[in-house]
Amino acid sequence: MGEHEQIQKYVDLIGKHWSWLGANPKRIVDLNQFGNIIFLDHDGRYWRICPEELSCEVVADSEYRFTELRENKDFQVDWEMGPLVDLAHHKLGPLIPGYAYYLVIPAVFGGEYSASNIQTVPLEELISLSGDFARKTHDLPDGAQIELKVTD
């Protein structure tokens, strides 16, 4: 599968697993090493998926606002996730194409931003699983207890 086809597959997966929030992706704008994705929707809005936070939200409502955001130093530091990427790279080595680092236990479930909680995963799985977890836990109140059952 070529790079263009792979990127289109990611767009399709975002549409399938995050559309419950109103996301209607048109194209991927950027992707970081922890599977955070910025995409443009069909209404000209820019969204960010943060798998570690199980979130997907509009970050800019126009190209102009997105350009402003990208120039913001705080956003750049947050987006690049430099220290965490360095930690993951030191522990796991460089990423294989199509993979991302991720928090095994997402931060919203109490997972720590530490080497013991970082692994790699195919980006397709990260998009799908984070969207599904987010949908299933979206309406839970803060502090609600959850039980994760892992099956093969």
Side-chain angles (χ1 to χ4, degrees), residues 6-7 9-43 45-61 65-66 68-70 72-152:
Q6 187 63 45
I7 295 295
K9 188 170 187 176
Y10 298 152
V11 170
D12 294 343
L13 285 169
I14 293 167
K16 179 178 180 182
H17 295 279
W18 289 96
S19 63
W20 59 275
L21 286 173
N24 185 11
K26 181 177 182 179
R27 69 178 171 87
I28 297 205
V29 175
D30 205 355
L31 169 66
N32 76 16
Q33 293 186 64
F34 264 83
N36 283 226
I37 299 171
I38 295 176
F39 66 91
L40 177 67
D41 73 9
H42 289 275
D43 296 322
R45 298 177 299 176
Y46 291 80
W47 296 67
R48 180 177 178 178
I49 295 175
C50 293
E52 67 276 7
E53 297 293 333
L54 300 181
S55 67
C56 178
E57 54 192 32
V58 174
V59 294
D61 60 7
R65 294 283 187 220
F66 181 65
E68 282 185 330
L69 180 67
R70 291 299 290 217
N72 178 289
K73 294 291 184 200
D74 291 336
F75 178 83
Q76 291 172 12
V77 168
D78 182 59
W79 176 256
E80 292 167 5
M81 303 174 80
L84 198 59
V85 169
D86 291 345
L87 181 66
H89 190 282
H90 179 74
K91 176 186 177 193
L92 302 165
L95 286 169
I96 298 169
Y99 277 66
Y101 300 119
Y102 79 109
L103 297 183
V104 176
I105 300 172
V108 296
F109 292 165
E112 297 180 7
Y113 288 87
S114 65
S116 63
N117 192 36
I118 298 172
Q119 286 296 324
T120 61
V121 65
L123 185 56
E124 293 173 17
E125 286 183 33
L126 188 57
I127 293 168
S128 302
L129 292 175
S130 61
D132 291 346
F133 281 158
R135 183 179 44 80
K136 290 176 182 176
T137 60
H138 182 259
D139 292 326
L140 294 177
D142 286 346
Q145 296 291 312
I146 62 164
E147 182 178 329
L148 294 176
K149 294 183 181 181
V150 180
T151 60
D152 285 331

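Keep in mind the model is a prediction, meaning the values are calculated, not measured. For the single chain, residues carry numbers from 1 onward in sequence order.
- Side-chain contact between Cys56 and Trp20 is absent, with no heavy atoms from C-beta onward closer than 4.5 Å.
- Within a 6.0 Å radius of OH in Tyr99, other residues, nucleotides and ligands contribute 12 heavy atoms or fewer.
- At distances below 3.5 Å, not a single donor-acceptor pair connects side-chain atoms of Asn24 with backbone N or O atoms of His42.
- Closest of all the heavy-atom pairs between Leu126 and Ala100 is CD2-CB, 4.1 Å.
- The 12-atom threshold is exceeded at CZ of Arg70, counting heavy atoms of other residues, nucleotides or ligands nearer than 6.0 Å.
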Distance-only donor-acceptor pairs under 3.5 Å for side chains of residues 86-98, two or more places apart:
unit_1: Lys91; atom_1: NZ; unit_2: Ala115; atom_2: O; d: 2.6
unit_1: Lys91; atom_1: NZ; unit_2: Ile118; atom_2: O; d: 2.9

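- A pairwise comparison of heavy atoms in Glu52 and Tyr113 identifies CG-OH, 3.4 Å as the closest pair.
- Qualifying salt bridge (charged side-chain N to carboxylate O under 4.0 Å, His left out) partners for Asp61, counting only residues two or more places apart in sequence or in other chains: none.
- Ser114 pairs by the side-chain contact (heavy atoms from CB on, under 4.5 Å) definition with Glu112, Ser116, Asn117, not counting sequence neighbours.
- Checked against side chain to side chain donor-acceptor pair (under 3.5 Å), Trp47 has the following partners two or more places apart in sequence or in another chain: Asp41.
- When every heavy atom of Pro51 is checked against every heavy atom of Pro106, the shortest pair comes out as O-CB, 4.4 Å.
- Using a 4.5 Å cut-off on side-chain heavy atoms (C-beta onward), Lys9 and Glu124 make contact.
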Query raised in the report: Run the side-chain contact (heavy atoms from CB on, under 4.5 Å) check on Ser130 and Trp18 step by step: do they pass?
Result: CA-CA 9 Å; Ser130 61; Trp18 289 96; 3.5 Å; yes

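- Taking every heavy atom of both residues into account, Arg48 and Val59 meet most closely at CB-CG1, 3.6 Å.
- Gln119 is linked by a side chain to side chain donor-acceptor pair (under 3.5 Å) to nothing, counting only residues two or more places apart in sequence or in another chain.
- Here the CG-CG distance, from Asn36 to Asp78, works out to 7.5 Å after rounding to the nearest 0.5 Å.
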**Report entry** Step-by-step side-chain contact (heavy atoms from CB on, under 4.5 Å) determination, Thr120 to Tyr101
**Finding:** CA-CA 4 Å; Thr120 61; Tyr101 300 119; 3.7 Å; yes

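- Between Ile38 and Trp79 the shortest side-chain heavy-atom distance falls below 4.5 Å.
- The shortest heavy-atom contact between Ile127 and His17 is O-CB, 4.0 Å.
- For Ile28, the side-chain contact (heavy atoms from CB on, under 4.5 Å) partners two or more places apart in sequence, or in a different chain, are Ile7, Tyr10, Val11, Ile14, Ile37.
- Distance check: Lys16 NZ to Asp132 CG gives 8.0 Å after rounding to the nearest 0.5 Å.
- To the nearest 0.5 angstrom, Phe34 atom CZ is 11.0 Å from Tyr102 atom OH.
- Taking CG of Leu54 as the start and NZ of Lys136 as the end, the distance is 12.0 Å to the nearest 0.5 Å.
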